[in-house]
Enquirer: 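My structure is below; once you've seen it, I'll send some questions.
Below, read A as the first sequence line, B as the second, and so on, with proteins coming before strands; counting in each chain starts at 1. Every heavy atom of this structure was used, including side-chain atoms; hydrogens, water molecules and symmetry mates were not.
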2 protein chains.
Amino acid sequence: MAKQSGGKSGVLEFAVLGLLHDSPMHGYELRKQLNSVLGSFRAISYGSLYPCLKRMLGQGMIREMGPADAGAPALSGRRSKIVYQLTADGKERFESLLAETGPETWDDERFDVHFAFFSQTDSDVRVRILQGRRSRMEERLASLKGAASKGAEKVDGYTAELARHGLDSTEREVRWLTELIEQEQLGGKKVGNKAG
Amino acid sequence: MAKQSGGKSGVLEFAVLGLLHDSPMHGYELRKQLNSVLGSFRAISYGSLYPCLKRMLGQGMIREMGPADAGAPALSGRRSKIVYQLTADGKERFESLLAETGPETWDDERFDVHFAFFSQTDSDVRVRILQGRRSRMEERLASLKGAASKGAEKVDGYTAELARHGLDSTEREVRWLTELIEQEQLGGKKVGNKAG
DNA sequence: TTCGTCATGTAATGGGTTACATGATTAC
DNA sequence: GTAATCATGTAACCCATTACATGACGAA
């Protein structure tokens with residue numbers, strides 16, 4: 001009982017934890033950085049971020065560093081900026097999230113966040129997550145193929161075209177993941193250096 | 001003021017309207033059909049569908065057809081099934097949603113629904129939506145490219161790889177849309193018949 | 001002094017998910 | 001009879017968005 005309720009559980013929290021693990025930051029800056037972690041585009045709104053920070057503060061994952069305290073880069077003296085820093089508890093929470101390799105980690109958004117912090121994990125963890133994500137995509141592929149063949153009579157050209165396109169991108173995703181897994185197993189961090 | 005508030009506005013409503021426009025159905029059946037309209041996979045939950053139907057009923061878009069009333073196919077005598085049917089108001093609402101070509105229609109989920117009902121619109125409408133969607137994807141492309149070049153120093157191999165992959169799929173999406181637009185402008189419904 | 005950006009927050013709202021509650025019908 | 005599936009619905013909860021409220025700082 002009581003799995004975790006709501007939608008995407010703590011994706012935002014995870015991302016914030018990871019960014020603050022890298023370096024202390026204030027909310028406004030955090031929000032700008034978030035889009036590079038949380039999916040390619042998409043910025044989170046303040047109405048979502050600030051309450052999240054408040055919650056994390058209450059749970060002792062983060063702590064406020066007085067603005068005079070400095071230590072972080074790019075802290076030109078603007079105003080009342082509240083700079084947040086990870087506590088030991090927060091660090092621990094982040095590490096434990098990072099180490100997860102279960103089905104939650106194959107979810108779209110969750111996978112992106114894990115991927116963004118991949119260089120901070122062991123190769124085993126990376127491989128397990130990549131394989132899990134791939135099997136998730138293969139399930140999706142199967143369900144798309146099933147739907148395509150079963151309801152073939154009643155669909156018009158556009159529906160068919162959309163299905164074909166969806167199938168295509170999912171297959172591509174699977175191939176991409178397979179490449180990453182292979183590179184991982186060949187023993188390396190040799191990622192991202194394919195001449196382009 | 002009061003644009004439309006919340007997240008994805010009436011995507012579910014639109015999809016339900018479209019499915020019921022095709023043929024009367026009860027909730028359980030509706031829910032199964034929904035995944036073919038609303039994105040490739042993803043089924044909506046009852047906790048979302050039934051309240052939506054209730055709301056639509058209250059607004060007079062749909063009406064209950066007594067189970068004995070029949071008329072719809074596949075109505076083997078199960079039980080208390082509440083079969084819903086579009087009212088004139090509902091039909092009108094659906095037509096007016098179908099005719100929209102503004103920025104709302106380029107959104108991910110919204111676009112999928114429009115696409116699913118594409119064969120029920122004019123070619124002009126289709127072209128306008130496809131072009132809008134393409135420009136939306138081109139914006140995304142630009143922002144991805146910007147992020148890739150600007151933050152290139154601080155990203156590790158994995159982040160770069162994710163960005164590269166995102167760029168790739170978005171480019172592919174743009175090409176797909178371009179093909180569809182061209183086929184549309186060549187005068188036809190000739191979609192989905194590319195030997196494969 | 002006004003405008004744009006930096007900066008932090010809250011309130012109202014919308015819409016989705018899980019888990020629960022209920023019950024009929026069909027197949028074994 | 002009992003389990004699976006069909007079928008409808010509610011309650012608690014979570015999380016995100018918009019719009020609003022506030023205010024400092026720098027530049028025109």
Enquirer: Just to verify, which of Arg110(B), Arg93(B), Lys54(B) counts as forming a salt bridge (charged side-chain N to carboxylate O under 4.0 Å, His left out) with Glu13(B)?
Expert: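 Going through Arg110(B), Arg93(B), Lys54(B) one by one, the salt bridge (charged side-chain N to carboxylate O under 4.0 Å, His left out) with Glu13(B) is satisfied by Arg93(B) alone.
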Enquirer: Roughly, in whole Å, what's the span from CD in Glu64(B) to P in dT8(D)?
Expert: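 Distance check: Glu64(B) CD to dT8(D) P gives 10 Å.
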Enquirer: Does Ser169(B) use its side chain to pair, donor to acceptor, with the backbone of His165(B) at less than 3.5 Å?
Expert: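 Between the backbone of His165(B) and the side chain of Ser169(B) there is a qualifying donor-acceptor contact (under 3.5 Å).
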Enquirer: Whether Lys54(B) contacts dT8(D) is assessed here as follows: a side-chain N or O lying under 4.0 Å from the phosphate OP1 or OP2. Is that the case?
Expert: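 Checking Lys54(B) against dT8(D): no side-chain N or O falls below 4.0 Å of OP1 or OP2.
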Enquirer: Please enumerate all residues that pass ring pair (Phe, Tyr, Trp, His ring centres under 6.0 Å) together with Phe118(B), with sequence neighbours excluded.
Expert: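 If we apply the ring pair (Phe, Tyr, Trp, His ring centres under 6.0 Å) test to Phe118(B), skipping adjacent residues, the hits are Tyr158(A), Phe115(B).
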Enquirer: What's the NE2-P distance between His26(B) and dC6(D), to the nearest Å?
Expert: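 Whole-Å distance recorded here is 9 Å.
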Enquirer: Let me know the distance between CG of Leu57(B) and C1' of dT8(D), rounded to the nearest Å.
Expert: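 Rounded to the whole Å, the gap is 14 Å.
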Enquirer: Check DNA chain D against residues 44-53 of chain B and give the residues with a non-hydrogen atom under 4.0 Å, in numerical order.
Expert: Tyr46(B), Gly47(B), Tyr50(B)
Enquirer: Would the distance check show the side chain of Thr105(A) and the main-chain N or O of Ile129(A) forming a donor-acceptor pair, the cut-off being under 3.5 Å?
Expert: no
Enquirer: Give a yes/no verdict on a cation-pi contact between Arg63(B) and Tyr84(B), requiring under 6.0 Å between NZ or CZ and the six-membered ring centre and an angle within 45° of the axis.
Expert: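 That pair does not qualify as a cation-pi contact.
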Enquirer: Figure out the OH/C1' separation between Tyr28(B) and dT5(D), and round it to whole Å.
Expert: 6 Å
Enquirer: With sequence neighbours excluded, what pairs up with Phe94(A) under the ring pair (Phe, Tyr, Trp, His ring centres under 6.0 Å) test?
Expert: Phe14(A), His21(A), Phe117(A)
